Asks: 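Dropping a structure here in structure tokens format, bear with me for questions.
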Amino acid sequence: MTSFAEKVYKAVLTIPLGEVRSYKWVAQRAGVGRAYQAVGQVLKRNPYPLIIPCHRVIKNNNKIGGYVFGVKQKKLLLELESKLARCLTG
DNA sequence: CAAACTATTCAGC
DNA sequence: GCTGAATAGTTTG
């Protein structure tokens with residue numbers, strides 16, 4: 001875990017349930033704002049893809065970019081969390 | 001054409 | 001192998 005990754009992870013972990021953000025968003029929260037490319041890299045190379053909600057990080061057009069386990073899993077997770085959020089909030 | 005965004009690709013330690 | 005930056009391609013104005 002490095003200074004950069006730590007910021008990125010914390011920023012990603014702040015993403016609420018059933019919601020998604022973009023690389024630039026995370027990069028800004030991380031304080032880098034200009035390393036959005038590295039954000040994607042850190043996400044796909046993250047040491048713990050299970051504790052890091054990398055599935056909540058997608059492209060700007062709400063489109064799936066990629067996923068460590070597969071884009072299909074990512075889509076499923078997003079739908080699942082969407083329902084879960086409604087269950088918890090509603 | 002110009003600007004913005006990107007889960008790719010290259011370089012340094 | 002991980003981190004950080006640069007490149008090339010697609011989409012929007």
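Just so it is clear: chains get the letters A, B, ... in the order the sequence lines come, proteins before strands, and each one is counted from 1. Note that the structure is a prediction, hence the values are computed from the model and not measured.
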Asks: Measure the shortest side-chain to side-chain distance between A:F69 and A:K74 over non-hydrogen atoms and say whether it is less than 4.5 angstrom.
Replies: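 Not in contact.
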Asks: When rounded to the nearest 0.5 angstrom, what is the spacing between CZ in A:R34 and NZ in A:K24?
Replies: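 A:R34 atom CZ to A:K24 atom NZ measures 11.5 Å (nearest 0.5 Å).
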Asks: Please lay out, stage by stage, how A:F4 and A:V42 fare under the test side chain to side chain contact (heavy atoms under 4.5 Å, CB included).
Replies: CA-CA 9 Å; A:F4 179 79; A:V42 170; 3.3 Å; yes
Asks: Compare all side-chain heavy atoms of A:V12 with those of A:P53 and state whether any distance is below 4.5 angstrom.
Replies: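 Yes - at least one pair of side-chain heavy atoms lies under 4.5 Å apart.
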Asks: Among Ile, Leu, Val, Met, Phe, Trp and Tyr joined by side-chain contacts under 4.5 Å, find the other residues sharing a cluster with A:L84 and list them by chain and number.
Replies: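 Via sub-4.5 Å side-chain contacts, A:L84 links to A:L17, A:L88.
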Asks: Run the side chain to side chain contact (heavy atoms under 4.5 Å, CB included) test against A:K75 and tell me which residues pass, sequence neighbours left out.
Replies: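 With neighbours one apart ignored, the set is A:I64, A:V71.
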Asks: Taking Watson-Crick and G-U wobble pairs with both distances under 3.5 Å, convert DNA chain B into its dot-bracket string, 5' to 3', dots for unpaired and | for cross-strand pairs.
Replies: ||||||.||||||
Asks: Answer yes if A:V20 and A:V68 sit in the same cluster of Ile, Leu, Val, Met, Phe, Trp and Tyr residues linked by side chain heavy atoms under 4.5 Å apart, and no otherwise.
Replies: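 No, it is not one cluster - the side chains of A:V20 and A:V68 are not joined through contacts under 4.5 Å.
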Asks: Can you hop from A:L77 to A:Y48 via hydrophobic side chains spaced under 4.5 Å?
Replies: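 Each belongs to a different hydrophobic cluster.
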Asks: Of A:N60, A:I58, A:V8, A:V57, which meets side chain to side chain contact (heavy atoms under 4.5 Å, CB included) against A:Y23?
Replies: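 By the side chain to side chain contact (heavy atoms under 4.5 Å, CB included) criterion, A:Y23 pairs with just one of A:N60, A:I58, A:V8, A:V57: A:V57.
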Asks: Could you tell me from which nucleotide to which nucleotide of DNA chain C, 5' to 3', there is an atom under 4.0 Å from chain A heavy atoms?
Replies: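 Listed 5' to 3', the contact boundaries are C:dC2 to C:dT7.
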Asks: Mind listing the residues from residues 36-70 of chain A sitting with a heavy atom below 4.0 Å of DNA chain C? Number order is fine.
Replies: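 Nucleic-acid contacts, sorted: A:Q37, A:Q41, A:R45.
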Asks: Do the charged groups of A:K83 and A:E81 touch, with an N to O distance under 4.0 Å?
Replies: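 Not counted as a salt bridge, because no side-chain N and carboxylate O are separated by less than 4.0 Å.
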Asks: Between A:I51 and A:Y9, is any pair of side-chain heavy atoms under 4.5 Å apart?
Replies: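 Side-chain contact under 4.5 Å: no.
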Asks: Do any of residues 16-33 of chain A sit with a heavy atom less than 4.0 Å from DNA chain C, and if so which?
Replies: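 None - not one residue of the stretch has a heavy atom sitting under 4.0 Å from the strand.
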Asks: Is a side-chain N or O of A:S82 found less than 3.5 angstrom from the main chain of A:L78, in a donor-acceptor match?
Replies: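 No; judged by distance alone, with no hydrogens or angles, the pair does not exist.
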